[in-house]
Amino acid sequence: MISYFKRISTYIFILVMALGVVNCSENLTPVLSSPDNNIKVSFSLTDSGMPEYKVSYRDKAVILPSTMGFEFKDQAPLKDSFRLAEINYRMEDETWPMPWGEQDSVRNHYNEMSIVLEEVKSPNRKWNIVFRAYDDGIGFRYEFPEQPNFKTALITDEHTQFNLSGDHQVWWQPGDWDIYEHLYSHTKFSEIDALKYKDNPNLAATYIPENAVNTPVTMKTEDGIYLSFHEADLTDYSGMTLKVDTSNNSMVSELVGSERLQGKAEITAPFNTPWRTVQIADRAGDLIESKLVLNLNDPNAIGDVSYFTPMKYVGIWWEMHLGKSTWDMEGSQSMNTFTNSGEIRPNHGATTENAMRYIDFAAENGIKGLLVEGWNTGWDKWINTEDREGVFDFMTPYADYDFDKVMAYAKEKGVEVIMHHETSAAPLTYEKQMDVAYKFMKDNGMNSVKTGYVGKIIPKGEYHHGQWMVRHYHKVLEKAAKMKIAINAHEPIKATGKRRTYPNAIAREGLRGQEFNAWAEDGGNPPDHLPTVAFTRMLSGPIDFTPGIFNIKFEEYKPDNQVSTTLAHQLALYVVIYSPIQMLADLPEHYTENGKPHPALQFIRDVGVDWSESKVLDGEVGEYVTIARKERGSGNWFVGGITGDEGRTETITLDFLEPGKTYEAILYKDAPDSHWDTNPQAYEIESMEVTSGDKVEVSLAPGGGFALSLIEKK
Ligand code: NOJ
Ligand code: CA
């Protein structure tokens with residue numbers, strides 16, 4: 001409390017409400033307002049002393065009265081019989097720098113209200129609920145202070161309700177305890193049916209126990225307000241899904257469990273849960289620009305991360321997904337042979353020669369990074385083994401991969417090799433080897449690693465999104481930070497803004513990525529996939545989607561599969577889908593045309609990966625989105641736009657350009673007859689000179705897109 005006062009005294013209050021401490025002798029309904037006063041959170045206790053909150057936006061209810069509570073193993077629930085002992089108010093207005101990111105810095109401006117509750121009956125426990133109101137939404141978390149009658153607990157249920165104000169439109173994916181690689185559905189809230197996705201032949205691990213959704217889940221109200229529900233700072237707790245009651249427009253937190261624990265999360269007081277967040281916006285694009293989730297995380301705890309440079313990279317990767325080559329040397333482990341019952345075709349992808357071929361391609365095109373999957377032994381026993389403990393080691397290259405020679409060649413050509421650690425969801429094996437594996441990386445000049453967790457978690461009874469794995473993913477981040485290593489996790493825990501605290505968390509998968517287009521039995525990702533992802537998954541953080549497929553139908557390898565976008569849409573993804581690492585996912589040979597570099601490759605060579613400013617120019621969830629970003633250092637701007645099934649025309653007003661300057665604009669767009677299915681590779685390139693007063697009009701084909709580079713003329 002004293003520290004609250006100390007901090008408070010350093011601020012100038014321009015707030016309507018009184019800040020400070022309120023001692024509560026009678027029943028109050030404290031209200032917290034956002035700095036702009038548009039959002040209001042009210043707290044109260046029900047007649048039985050149960051905590052309850054509600055939220056309004058511009059005087060319209062967005063969350064109706066919703067209660068909060070916990071159940072524990074061998075302890076009375078935290079449910080009712082509470083008294084409001086104290087309320088503390090404070091505000092914060094700071095700006096923090098992003099070491100890499102969508103913008104140079106972030107303003108963190110909020111008002112806070114801490115509610116101190118006391119149980120009026122035995123065991124007289126104390127419990128705090130802290131609310132923060134921002135202009136772009138709210139967050140709240142539970143705090144269990146140190147106290148005599150509550151030391152440790154096994155949470156068997158968290159009951160945080162979110163009672164909605166109507167039967168909203170919802171973009172959702174099922175609340176899977178093991179994977180986020182589902183397609184999004186767009187339905188009314190009352191029509192959510194997650195259990196329909198229970199059996200999925202394309203997922204190596206999946207468990208959907210309830211009619212629940214994963215977060216971020218995005219909604220649109222009848223009044224045209226956009227909402228997105230998620231969580232921030234998930235560090236030592238289970239991931240939250242939201243169980244839906246379709247008869248009642250109501251959701252309640254459903255934590256991912258553990259069969260081993262027979263519960264959800266173990267806690268020891270003092271303990272703070274992750275923040276439960278609700279983003280609120282008038283414009284769909286504002287959800288993307290919002291930094292609420294990041295702001296609810298602690299400041300950078302690891303200092304300088306300049307060992308990691310945002311970069312584009314190529315990889316020995318797509319060829320295994322296409323079945324052109326295999327991860328293992330024996331030739332049994334390509335995605336092809338998983339689905340084509342065991343055809344053996346020895347054709348290892350990660351050979352010395354092939355790696356050198358990719359290095360040449362990267363060096364010729366100014367691409368900084370190279371990922372090599374299948375370089376280490378163990379892949380022959382990868383997925384089709386029940387007991388995957390001890391299968392992989394992260395030090396031993398295959399006999400046909402001369403590790404030292406590849407590293408020396410990469411160095412000579414100025415290419416940085418990215419490590420690959422597929423753990424096959426055996427985290428204990430990984431934890432045992434982490435020290436030596438990371439030292440091996442650093443000894444060889446490697447600064448980042450792509451990790452992977454394919455399959456069901458060993459030990460049995462734990463899930464990818466439960467507390468046990470959340471702790472593992474965190475351990476990896478911490479250990480890597482100490483060793484100055486950046487992590488790009490696949491089959492990860494969802495992003496919850498921890499990259500603010502641990503900026504070595506550079507990117508992750510955690511969605512249905514490009515790979516599904518190579519082999520999914522359901523036809524891959526439909527054209528509206530990424531216009532949905534931009535307003536859902538992307539609200540949580542950077543995505544290693546792996547864009548840039550030019551050979552859209554890859555008939556040579558997989559005549560029954562394809563990418564369901566145009567080529568121009570693939571280009572746009574370098575701007576639309578944010579990540580500080582962006583892959584050129586296609587095979588090097590697909591980036592050439594008649595022996596010359598493919599003309600559209602120029603955009604990928606030019607486009608930035610680290611930004612000083614980002615603006616969402618236009619967009620509707622699941623339909624289309626256009627984003628402009630300004631590159632750090634150069635001041636050049638890049639614009640990307642994508643659309644789903646429907647073609648459309650976009651007019652881009654260039655008023656974000658610096659007045660008085662002239663820019664060389666190159667527009668990469670769909671041809672008049674482009675179509676994601678019938679003519680996906682048709683494109684046109686147009687060059688012009690523009691200034692901030694100009695507009696550019698562009699037509700997007702069904703499943704199409706455009707990419708615009710705006711290079712300042714010196
Ligand atoms: C799944 C990852 O998402 C993919 O990128 C990777 O190639 C395979 N696992 C193998 O690790
Ligand atoms: Ca994956």
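Indexing begins at 1, ligand by ligand and atom by atom, following the structure's order. FYI, side chains are in, hydrogens and waters are out, and symmetry mates aren't considered; it's all heavy atoms of this structure.
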Electrostatic pair [X]:[Y] at N-O distance under 4.0 angstrom:
| X | Y | result |
| --- | --- | --- |
| R500 | D233 | no |
| K324 | E589 | yes |
| K439 | D443 | yes |

Item checked: Environment of the Ca ion (ligand 2) in terms of protein N/O/S atoms, cut-off under 3.0 Å ->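 You should have found E181 OE2, E491 OE2, E509 OE1, E509 OE2, E515 OE2.
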Item checked: With D360 via salt bridge (charged side-chain N to carboxylate O under 4.0 Å, His left out) - residues at least two apart ->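 Partners of D360 under the salt bridge (charged side-chain N to carboxylate O under 4.0 Å, His left out) test: K413.
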Note to self: Tell me whether the count of non-hydrogen atoms from other residues, nucleotides or ligands lying under 6.0 Å of NZ in K196 goes above 12.
What the structure shows: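 Yes, the 6.0 Å shell around NZ holds more than 12 heavy atoms from other groups.
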Margin query: Among Y401, W317, W379, which residue satisfies the ring-ring contact (aromatic ring centres under 6.0 Å, His included) criterion with W327?
Written below: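 Testing W327 for a ring-ring contact (aromatic ring centres under 6.0 Å, His included) against Y401, W317, W379 leaves exactly one candidate, W379.
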Next item on the list: Give a yes or no on whether the backbone of Y184 and the side-chain of T532 come within a donor-acceptor separation of less than 3.5 Å.
Entry: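 No, because the side chain of T532 does not come within donor-acceptor range (under 3.5 Å) of the backbone of Y184.
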Margin query: Between Y358 and E319, is the side-chain hydrogen bond (donor to acceptor under 3.5 Å, both in side chains) condition met? List the steps.
Written below: CA-CA 12 Å; Y358 276 80; E319 53 180 84; 2.6 Å; yes
Check: Quick one: side chain to side chain contact (heavy atoms under 4.5 Å, CB included) partners of M329, sequence neighbours excluded?
Finding: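 H348, Y398, A399, D400.
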Margin query: At less than 4.0 angstrom from any atom of ligand 1, which residues have a non-hydrogen atom? List them by chain and residue number.
Written below: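 If the criterion is a heavy atom under 4.0 Å, then ligand 1 touches W317, H321, W327, E373, W379, W382, H420, E422, K450, V454, H490, E491, E509, E515.
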